[in-house]
Amino acid sequence: MSIASMMMSSLHVTASSAPSLHPKTFYSSRNASRRPTTCIRSSGDKSGEEFPLIKLDRRNMLIGIGGGLYGTTLGLGHDQKAAADPVGPPDLSSCHAARDLDTTNTTDYACCPPYTFPLPNPESIPSYKIPKNPILRKRKAIQMMTPDELYKFESAIAEMKKLDKTDPNNPWSFTQQAQIHCAYCNNAYYQYKTDKVPLEIHFSSLFLPWHRWYIYFFERILGKLIGDDSVALPYWNYDNPDGMAFPKAYDNPNSPLYDDLRNKGHAYARNYVDLNYGGEPYTPPPQKQLIDENLCYLQTIFNQGEVDPLQFIGCPIAAGVQWGYQYAGLLESLHNSVHQWTGPIASPNFDMGNFISAARDPIFYAHHSNVDRLWDIFRNCFLKTELETTSTDWLDASFVFYDENKELVKVNVKDSLRIDNLGYSYTSMPLVWKDFSKACKIRPKITCTATAVEFGSVPKALVSDPIRVLVKRPNSSRSKSEIQNTLEVVMVDGIEVEHTSSTRFDVFINTPSDNSTHLGDFVGSFTTVAHGHKHGETSDGNEKKLGLKLGITSMVSKLNAEDAESLVVSLVPRMGPVVVGGVRIEQIEKKTA
Ligand code: C2O
């Protein structure tokens, strides 16, 4: 069976038959006139043009019922262009079992939190008041923790795990904490006030702030459990050679930090994480090369993020937009590799290798503490504006958590942006990748003899050989000012993956005049982690396709390629079945945010 037909058949698996618990509610058109988010997506979009406004009037809402609010009624097809409300807190009453649709695994995962009834309407959940504390919690690199600090942290995790046995419905218990992650990313909730649009906090700019709040409360609960507010999450410092190895503290079977469901082939103490991990069979590159490649990858994403912050954090999405209509940020994509490398090889890849179960492994919180830290470093050292985006779709998006007093509270993105306000800090470690002088020269040359041709209109499966595509640039030989005012990006469209597999492909660009077989320079990767639901599963059970957007502005100048009318874009398959629908280059006018 070909990959494409395999994928086709998976499209027909019935979506979770969740009971319709929530009343039909209507989309508010209240904010339909404010500026929409710019995140160009499909080939139909003109470069640099903002999404046209679509007024969501009540009549459209009514027609929308039962047909999937977007797409069908508004005829948006593949383009989700509506300006709408920011993603709101989940409709708690819509919580239903998340389902792993892997045919070999028909288990339902009950991820819903132990709410007490009657369930509050999201609007009546109080907003969280950030305590006005001095900085109390100092998050340290694991390898720098003293035995006392580690002991304190382990005792707190042990207390949390104890609750699993003594009081399993306690929202503070370790399992209940892990379920929060499952619920928010495996379609257990529908978005409030939408017609069953699943709530998913991965694959968009919700990723970083949501996980920041998630581990923030987790950390505060740890403090409560041992009556010591100074207890802080460690971070897995894999951006630094000294912390790149799988942390020893998490690999002691007698420690509460241990988890048995890992890839025993490499996720063990003193073995270095591979951010370029491409699945099994796997022979790690020599350690020095592995370190350099990791540092190179980090440098690449920060440099691209400096040019275009939305690439770093991901694309904002508005409420009611089906998952899969946005782009994951570069940091999220890098983060996926750590999940893939740590989780077990065999499907369903529990724990770290599947979002349903990832937070059951204590290393998850050390991983996310580092992701959170890398975002903070980005904001402090690379972001040239005050905010990554002024889009209210991002800033006003909100979530619900149990706080350290077991109260349900509402938090938003805006309030998450400054960690000093949140009462924790990261002790600094050298940013080796930042001034990594060898830059990325270390990456071994990948060659391929296939000639680059235009992509054409037929989707292609990425199997074992790279696909080399000759892609036209909208404009070439531009003036200096034209170049300065635009972001040049490679867009890969119509990406289909199986939700039960983790996937990855790498993207390289080169000039066509370089007749060599060298694929050129690495510009980024597409990665997904196995999920308990179909990627982009919609309320009508249809599969939506994903996209990838990678900045090449600085690479074009590095390659001296401004005069080239086309570039050779190479897609190198690394892991899992992937089908790609097209490749194009866009030159997007920079917005003055
Ligand atoms: Cu929600 Cu590391 O993923």
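One-based numbering, in listed order, for ligands and for the atoms of each.
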Would you say Y426 and N370 make side-chain contact, with heavy atoms under 4.5 Å?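 Answer no - side chains too far apart.
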Return the orientation label for the F207 and H202 ring planes: parallel under 30°, perpendicular over 60°, tilted otherwise.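 Judged by the thresholds at 30° and 60°, the geometry between F207 and H202 is tilted.
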What are the two closest heavy atoms between V529 and G353, and how far apart are they?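 Taking every non-hydrogen atom into account, CG1-O, 3.5 Å.
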Using 2.8 Å as the cut-off, note every protein N, O or S atom close to atom 2 (Cu) of ligand 1.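 H335 NE2, H339 NE2, H368 NE2, with waters left out.
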Contacts of [X] that satisfy side-chain hydrogen bond (donor to acceptor under 3.5 Å, both in side chains) - sequence neighbours left out:
{"X": "Y268", "answer": "none"}
{"X": "N170", "answer": "D167"}
{"X": "Y214", "answer": "Y365"}

